[in-house]
Number of protein chains: 2
Amino acid sequence: MDIKVAYGKKVRQIRKDKGVSQEKLAELAELDRTYISGIENGKRNVSIETIFKIAEALNIPVIEFFEF
Amino acid sequence: MDIKVAYGKKVRQIRKDKGVSQEKLAELAELDRTYISGIENGKRNVSIETIFKIAEALNIPVIEFFEF
DNA sequence: TCATTTTGTAGACTATAGTCCGTGGTACAA
DNA sequence: TTGTACCACGGACTATAGTCTACAAAATGA
């Protein structure tokens with residue numbers, strides 16, 4: 001189990017559940033759209049601050065991103 | 001509440017509970033000793049892979065590091 | 001179809017994560 | 001005093017996080 005892949009899948013799943021595009025999430029989290037794409041595809045080793053930005057942007061507790 | 005500070009405090013608390021030195025944790029997590037120090041003092045923006053390495057080294061589920 | 005939205009990815013770039021060297025400080029035991 | 005274990009921190013360094021631009025490919029709906 002690759003943690004980057006698992007985290008990326010979670011982000012995508014929660015984002016889609018909320019009906020938000022990558023572009024909108026990027027705007028809310030103040031990140032680049034292409035970076036969100038990289039994260040969701042398990043290619044990025046995100047920092048703890050980025051993890052929090054994304055959790056806040058999606059209005060979901062950080063813990064939920066680590067329930068695999 | 002600074003996420004880096006909160007995370008660092010958690011790492012220190014759990015590490016001390018386990019009676020492990022920074023040096024030993026660094027060795028177990030395959031990280032640099034001075035970097036562990038920086039993390040515990042809330043000065044480092046650790047990556048998701050590093051978060052997992054530390055959790056595994058301390059044998060604690062990642063989720064526990066995010067229960068503030 | 002066709003237009004529009006959404007996404008993947010590449011390349012070049014800047015900022016910073018993480019390493020490795022060292023020094024010094026504190027605490028405790030011999 | 002001396003040794004030893006632990007920790008904070010600085011500087012210099014390499015690897016990579018994260019940005020930005022651009023283009024192409026799906027996907028979606030009319």
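First the proteins, then the strands, lettered A, B, ... as listed; each starts at 1.
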Report task. Write down the distance between CG (A:N41) and P (C:dA10), rounded to a whole number of angstrom. Result -> 11 Å
Report summary line: Nearest-nucleotide check on DNA chain D, B:E23 vs B:R44; residue mapping nearer the 5' end is B:E23
Query raised in the report: Any ion pair linking A:E40 and A:K9 (charged N to carboxylate O, less than 4.0 Å)?
Result: no
Report task. Starting at CZ of B:R44, measure out to OG1 of B:T34 and round the result to the nearest 0.5 Å. Result -> 7.5 Å
Query - B:S47 side chain to B:T50 side chain, donor-acceptor N/O pair below 3.5 angstrom - result: yes
Report task. Assign the ring pair A:Y7 / A:F65 to parallel, tilted or perpendicular, where the plane angle (0 to 90°) is split at 30° and 60°. Result -> tilted
Query raised in the report: At under 4.0 Å between heavy atoms, what does A:S47 touch on the DNA or RNA strands: base, sugar-phosphate, or nothing?
Result: sugar-phosphate
Query raised in the report: What does A:E49 touch in the nucleic acid at a heavy-atom separation under 4.0 angstrom: a base, only the sugar-phosphate, or nothing?
Result: nothing
Query raised in the report: Taking only N and O in the side chain of A:K43, is any of them less than 4.0 Å away from OP1 or OP2 of C:dT9?
Result: yes
Query raised in the report: Would B:N59 and B:K18 satisfy side-chain contact (heavy atoms from CB on, under 4.5 Å), going step by step from the backbone distance to the final call?
Result: CA-CA 10 Å; B:N59 202 31; B:K18 295 239 167 186; 4.1 Å; yes
Report task. Scan A:I36 against the nucleic acid and name what it touches under 4.0 Å (heavy atoms): base, sugar-phosphate only, or nothing. Result -> nothing
**Report entry** Heavy-atom neighbours of B:K10 NZ exceed 12 at 6.0 Å
**Finding:** yes
Requested in this report: Examine distances only and state if a side-chain atom of B:R33 and a backbone atom of B:E23 form a donor-acceptor pair shorter than 3.5 Å.
Outcome: no
Query raised in the report: Are B:I39 and B:I54 side-chain neighbours, meaning at least one heavy-atom pair lies under 4.5 Å?
Result: yes
Report task. Indicate yes or no for a side-chain donor-acceptor contact from A:N41 to the backbone of A:K43 under 3.5 Å, with no hydrogens or angles considered. Result -> no
Report summary line: Assign each of B:K16 and A:N45 the nucleotide of DNA chain D bearing its closest heavy atom; nearer the 5' end lies the nucleotide of B:K16
Requested in this report: Name the first nucleotide and the last nucleotide along DNA chain D (5' to 3') that come under 4.0 Å of a heavy atom in chain A.
Outcome: D:dA17 to D:dA22
Query raised in the report: Quantified as the angle between the terminal helix axes (five pairs each), what is the overall bend of the helix from C:dT1-D:dA30 to C:dA30-D:dT1 to 10 degrees?
Result: 50°
Query raised in the report: Counting only heavy atoms not in B:E30, do more than 12 fall under 6.0 Å of its CD?
Result: no
I'd like a table of atom pairs between the protein and nucleotides 21-30 of chain C - only N or O on both sides, under 3.5 Å - with the distance next to each one.
residue : atom : partner : partner atom : Å
C:dG22  : O6   : B:R33   : NH2          : 3.4

Query raised in the report: Does A:Q22 put a side-chain nitrogen or oxygen below 4.0 Å from OP1 or OP2 of C:dT5?
Result: no
Report task. Inspect the surroundings of NZ in A:K53 and state if more than 12 heavy atoms from other residues, nucleotides or ligands are less than 6.0 Å away. Result -> yes
